[in-house]
Structure formats: C-alpha cells, structure tokens
Amino acid sequence: MIRRMRDRALVTTGVVLVGLLVSTPDAGASGNCYNYGTPGYGQVFTDISYRGDCFEWPLHWGTVHFPDYTKNKASSFRSWSGYPGRSLVLRDSRYPASGEYIRPNEWKPSLYHDDAADYVELSV
C-alpha cells in the first residue's frame, strides 16, 4: 500500500514537472538576455519561440538599431512594457513605411516580417 502511494506521488510529480517545462517560457532560452520578465524591456530573438541569440534594451530608448548579430534576423519578440498604450514597431530600413506592431506586454513566438527588421521604434 505504501509503495503504491509512493509510486503515485512520483508519477504525479513527474507529470507536473513535465507540464511546467512544456507550458512555461524558458528563462534559459533567452539567449544572451538577462532581464526575463523585467518591466520596461524589449527582447528580440534570432529564432522562433524565443530561441537563438537575443538582444534586449530598455523600452524608453525610442528608436533602437539592432546589433549585427540580430539585424535582419529577428524571428520572435517579447515586450515587457511598462508603458500602457505605447506600442513598438519592428521596421526594416529598406521599407521604413511598413512594420510589425507589438502591443505593450505582447509576445510573438514568430514574426510576420521574419528576418527583416533591423530596428525598432517606440510608437506613441
């Protein structure tokens, strides 16, 4: 009886741990970003689902040009915005009139303009 209860407890613990690993964004997947979940930061990743190299910046900077390791390689994005009502716009300098809007605190595991953006603007 006690052995069955212990076995059930182990199985239940394993199922819960697997569920957490599958459904929770991985802070370790943030590449070279360190402000996971910190209000006031944006993060752009070179691979979908918040993988690959990461570039992060304080959102109050306005316009930010991506460094070479993420320029024209952005594939996913997270906004930890502390500015309600102010969106971010991912832009490609070759086509500055178009862009992909990201609302405050929005996460996009894949971008419509995949591998095109080379800078981001804080929209009013």
Side-chain angles (χ1 to χ4, degrees):
M1 174 85 158
I2 291 175
R3 183 173 182 201
R4 259 194 273 169
M5 289 175 57
R6 185 190 65 189
D7 291 346
R8 280 188 196 161
L10 288 173
V11 169
T12 302
T13 302
V15 169
V16 169
L17 287 175
V18 168
L20 287 173
L21 291 173
V22 170
S23 64
T24 309
D26 180 13
S30 61
N32 39 346
C33 286
Y34 301 100
N35 290 294
Y36 180 88
T38 303
Y41 279 87
Q43 297 175 330
V44 66
F45 299 83
T46 57
D47 295 328
I48 62 169
S49 300
Y50 321 109
R51 301 270 181 213
D53 286 328
C54 175
F55 172 66
E56 66 184 355
W57 67 97
L59 293 174
H60 66 273
W61 282 3
T63 299
V64 175
H65 293 270
F66 296 149
D68 287 341
Y69 68 93
T70 55
K71 184 181 287 183
N72 298 319
K73 298 175 188 169
S75 294
S76 54
F77 186 91
R78 286 194 289 229
S79 167
W80 308 101
S81 179
Y83 306 100
R86 298 187 74 185
S87 296
L88 296 167
V89 187
L90 291 174
R91 296 206 188 272
D92 181 343
S93 58
R94 298 168 296 180
Y95 310 101
S98 66
E100 186 160 353
Y101 284 80
I102 290 100
R103 294 182 305 261
N105 298 311
E106 182 175 13
W107 292 23
K108 290 196 173 190
S110 63
L111 297 172
Y112 180 75
H113 293 98
D114 187 36
D115 294 342
D118 57 356
Y119 72 100
V120 64
E121 293 178 320
L122 188 59
S123 174
V124 180

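Computed from heavy atoms alone, side chains included, the values below leave out hydrogens, waters and symmetry copies.
Looking at S75 and I48, their side chains come closer than 4.5 Å, going by heavy atoms from C-beta outward. Residues C33 and F55 have side chains not in contact (no heavy-atom distance under 4.5 Å, counting atoms from C-beta outward). By the 4.5 Å heavy-atom criterion applied to side chains, K71 and D92 are not counted as neighbours. Between L90 and Y119, the closest side-chain pair of non-hydrogen atoms is not below 4.5 Å.
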Side chain to side chain contact (heavy atoms under 4.5 Å, CB included) between W61 and L122, intermediate numbers included: CA-CA 8 Å; W61 282 3; L122 188 59; over 6 Å; no
Under the criterion side chain to side chain contact (heavy atoms under 4.5 Å, CB included), I'd like the reasoning laid out for Y36 against Y50: C-alpha separation, chi angles, the key distance, then a yes or no. CA-CA 11 Å; Y36 180 88; Y50 321 109; over 6 Å; no
Run the numbers on D53 and F45 for side chain to side chain contact (heavy atoms under 4.5 Å, CB included), then give the verdict. CA-CA 6 Å; D53 286 328; F45 299 83; over 6 Å; no
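In this structure, the side chain of R78 does not engage the main chain of W107 through any donor-acceptor pair within 3.5 Å. Judged by distance alone, with hydrogens and angles left aside, the side-chain atoms of S76 form a donor-acceptor pair with the main-chain N or O of D47 at under 3.5 Å. E100 places a side-chain N or O within 3.5 Å of a backbone atom of Y112 that can act as its donor or acceptor partner.
A distance of 8.0 Å separates NE2 of H65 from CD of E121, quoted to the nearest 0.5 Å.
The side chain to side chain contact (heavy atoms under 4.5 Å, CB included) check on S79 picks up L59, F77, S81, L88, I102, with sequence neighbours excluded. With sequence neighbours excluded, no residue satisfies salt bridge (Lys or Arg N to Asp or Glu O under 4.0 Å) with D118. For K73, there are no salt bridge (Lys or Arg N to Asp or Glu O under 4.0 Å) partners at least two apart in sequence or on another chain. Take T38 and apply the side chain to side chain contact (heavy atoms under 4.5 Å, CB included) test, not counting sequence neighbours, and it matches N35, Y41. For E56, the salt bridge (Lys or Arg N to Asp or Glu O under 4.0 Å) criterion is met by no residue, not counting sequence neighbours.
Other members of the hydrophobic cluster containing Y101, listed by chain and number, are V89; membership follows side-chain contacts under 4.5 Å among ILVMFWY residues, whether direct or relayed.
A donor atom on one side chain and an acceptor atom on the other are not found under 3.5 Å apart for Q43 and W57.
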